[in-house]
Structures are given as structure tokens and as C-alpha cells.
Amino acid sequence: MRVATWNINSVGARLPRMLEWLEGAAPDVLCLQELKCTADAFPYEAVEALGYQVAAHGDGRWNGVAILSKVGLEDVVRGLEGGPEYEGVQETRAISATCGSVRVWSVYVPNGRELVHAHYAYKLEWLTALKAAVAFDAAGERPFAVLGDFNVAPTDKDVWDITLFEGATHVSEAERTALVELGKAGLEEVMPRALKYDVPFTFWDYRNLGFQKNKGMRIDLVMGNPAFNAAVKDSYVDREARRGKGTSDHAPVVVDLDL
DNA sequence: ATGGTGGTCAAACCA
């Protein structure tokens with residue numbers, strides 16, 4: 001089974017590139033983030049024509065997550081139960097489902113913006129709520145993983161130049177601690193291979209030729225429980241999907257499983 | 001050089 005995650009940065013704007021990638025990489029399950037559309041506006045027909053079932057959770061201009069599956073899509077749960085609100089709203093940043101023998105979450109962790117911003121506190125609260133919400137499945141026997149854009153670089157190596165991140169979000173102690181705490185629920189990172197260069201970055205800013213200069217960050221992660229991780233045969237970041245016109249600023253992370 | 005790209009939705013905000 002091939003499972004993948006991709007911050008698509010507008011499923012509408014990205015549809016041709018996404019369909020092309022679905023046909024080529026042919027994942028059984030794809031977790032999407034940043035749909036930037038309502039659930040009603042998701043391009044269901046085009047994706048279903050490729051053999052996928054779709055569960056989407058989105059409410060407008062920002063955020064939005066989905067799970068695409070060729071191997072069944074059951075027990076869909078939209079949202080993060082017990083999660084914090086931002087400006088009075090529970091944002092559409094999480095969706096979970098059972099796809100064949102695995103249960104997956106697709107998550108879009110809040111960005112945080114600045115260390116002193118309310119969005120940063122919200123980000124930390126969101127990660128704490130995520131840990132509580134996934135604890136039961138993480139501790140279970142069924143293969144289980146949380147995939148998505150975590151907006152946290154786990155180590156200093158996971159950004160192109162750590163000296164430029166002094167005082168920035170994505171690399172702070174508290175964010176990394178929150179990731180470690182999530183792991184304590186029974187999840188461990190699946191480390192992808194890089195197809196080029198040494199670190200498998202997953203995000204490159206559109207500005208300043210970030211991709212061309214490989215000024216990237218590794219912030220899209222797969223956290224699996226022991227049953228999931230024991231089945232992993234291979235994992236890689238498909239940086240080719242970031243190349244050329246009309247791409248997302250993120251690349252997909254692919255995991256191949258013996259399931 | 002204090003911007004720079006690209007998304008949404010048509011001005012300003014988000015990443």
C-alpha cells in the first residue's frame with residue numbers, strides 16, 4: 001500500500017498538477033492540506049474518475065484538509081475534537097478515516113506566524129489537543145499514522161540555514177517539544193529519503209528562487225505507530241512535484257507499506 | 001535594493 005501526504009496550496013489552482021501526480025505516483029491513500037476551498041467546492045468528479053473516494057473538510061478561503069483513498073474510506077471524522085478555537089472558530093485543519101487496514105489523519109497544523117503572536121500559542125494548544133485525540137489509535141494494534149503539514153522542523157538540519165531562523169517559528173524549543181510530546185502518545189517519525197541533496201526538504205518558499213537554491217524546510221511529516229512503522233518498506237519526498245509551473249510550494253511525502 | 005511569489009477574491013490577508 002502506498003500512502004502519501006501533500007500540502008497542495010489550493011486544490012482548485014493545483015488540480016491539473018495533482019491529477020497528473022495521482023496518475024503517475026498512484027498512491028492508494030493521499031492526505032491533502034490547504035485545500036483553500038469549502039468541502040462543497042472540492043473537485044470530486046475529477047478525482048473520483050481516477051478511482052478515488054474522497055472525504056473533504058473545508059470551510060472557505062484558508063485551511064481545508066482531505067483524504068483520498070482507493071482502498072476504502074470509512075469512519076470519517078472531520079475536525080479535531082477538543083481542539084482550540086482561533087478567533088472564535090474551530091478551523092478545518094484535521095480529518096481522519098480508515099482506509100483498508102490503516103487509519104490515517106490528515107493534519108494542517110497552525111503556522112504560528114511569530115513567537116509573540118496569538119497564533120503561536122494556538123499552534124501549541126492545537127498540537128496538545130492532537131496528542132489527546134490520537135492517543136487511543138496510536139496505542140492500538142491497527143496500523144495508524146498522522147500525516148500532514150506540521151509547520152515544525154524537527155531538528156536544525158531540517159532547515160536550509162538554521163542561523164537565519166533565530167527567533168522564528170517552526171524551529172522553537174516549544175514547538176519541537178510539542179512534537180516530542182505527540183510522539184509520546186506512541187508515534188515515531190517515518191524518515192523519508194531525499195531524491196536529491198542530503199536533507200529531504202518538503203517545502204520551499206515561492207520567493208527568492210527558494211526551490212532552485214534548495215532553500216527548503218522539512219515540515220511535512222509522517223508519524224506512525226509501531227504497527228504502521230513496522231510495515232514501512234520505503235519513504236521519500238517527491239521533489240519533482242515541486243518543479244516547474246503551477247506547483248504547490250510543498251512536495252508530497254510518499255510511504256510504501258507492506259500491507 | 002527593506003522587496004521579492006502565489007493563493008483567495010477583488011483589498012487585504014495568509015503562507
*On a whole-Å scale, what distance lies between the C1' atoms belonging to dT2(B) and dA10(B)?*
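After rounding to an integer number of Å, I get 27 Å for this pair.
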_Pairwise C1' distance for dA1(B) and dA12(B), with rounding to whole Å_ = 25 Å
*Would you sort out whether Asp234(A) and Arg193(A) count as a salt bridge (Lys or Arg N to Asp or Glu O under 4.0 Å), showing the intermediate values?*
CA-CA 8 Å; Asp234(A) 188 22; Arg193(A) 287 185 290 123; 2.8 Å; yes
*Around Gln212(A), counting heavy atoms of other residues, nucleotides and ligands shown, do more than 12 lie under 6.0 Å from its CD?*
yes
Atom pair distance, as rounded to whole Å: [atom1] in [X] and [atom2] in [N]:
| X | N | atom1 | atom2 | answer |
| --- | --- | --- | --- | --- |
| Arg17(A) | dG7(B) | CZ | C1' | 16 Å |
| Asn9(A) | dG6(B) | CG | P | 11 Å |
| Lys215(A) | dT5(B) | NZ | C1' | 15 Å |

*Does dG7(B) have OP1 or OP2 sitting under 4.0 Å from an N or O in the side chain of Arg14(A)?*
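Yes.
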*Just checking, is any N or O donor in the side chain of Arg113(A) or Thr169(A) under 3.5 Å from an acceptor N or O on the other one?*
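On atom types as modelled, these side chains do not qualify, holding no pair under 3.5 Å.
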*Would you tell me whether Asn111(A) and Lys123(A) have side-chain atoms, one donor and one acceptor, within less than 3.5 Å of each other?*
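No donor-acceptor contact under 3.5 Å links the two side chains.
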_Let's go through Leu19(A) and Val47(A) carefully: what are the C-alpha distance in whole Å and the side-chain angles of both, what is the deciding distance for side-chain contact (heavy atoms from CB on, under 4.5 Å) to 0.1 Å, and is it a yes or a no?_
CA-CA 7 Å; Leu19(A) 295 175; Val47(A) 172; 4.3 Å; yes
*asked:* Pair Tyr86(A), Asn63(A) - check side-chain hydrogen bond (donor to acceptor under 3.5 Å, both in side chains), show working.
replied: CA-CA 12 Å; Tyr86(A) 189 69; Asn63(A) 313 311; over 6 Å; no
_Set out, in order, the CA-CA distance, both residues' side-chain angles and the distance that settles salt bridge (Lys or Arg N to Asp or Glu O under 4.0 Å) for Glu34(A) and Arg14(A), then state yes or no._
CA-CA 11 Å; Glu34(A) 278 209 88; Arg14(A) 216 62 61 211; over 6 Å; no
Which pairs, protein N/O on one side and nucleotides 13-15 of chain B N/O on the other, fall under 3.5 Å?
residue	atom	partner	partner atom	Å
dA15(B)	OP2	Arg113(A)	NE	2.6
dA15(B)	OP2	Arg113(A)	NH2	3.4

_Wobble G-U and Watson-Crick pairs count when both distances are under 3.5 Å; given that, what is the 5' to 3' dot-bracket string of DNA chain B, with | for pairing to other strands?_
....((((...))))
*Mutual orientation of the aromatic rings belonging to His119(A) and His117(A) [parallel < 30°, tilted 30-60°, perpendicular > 60°]*: perpendicular
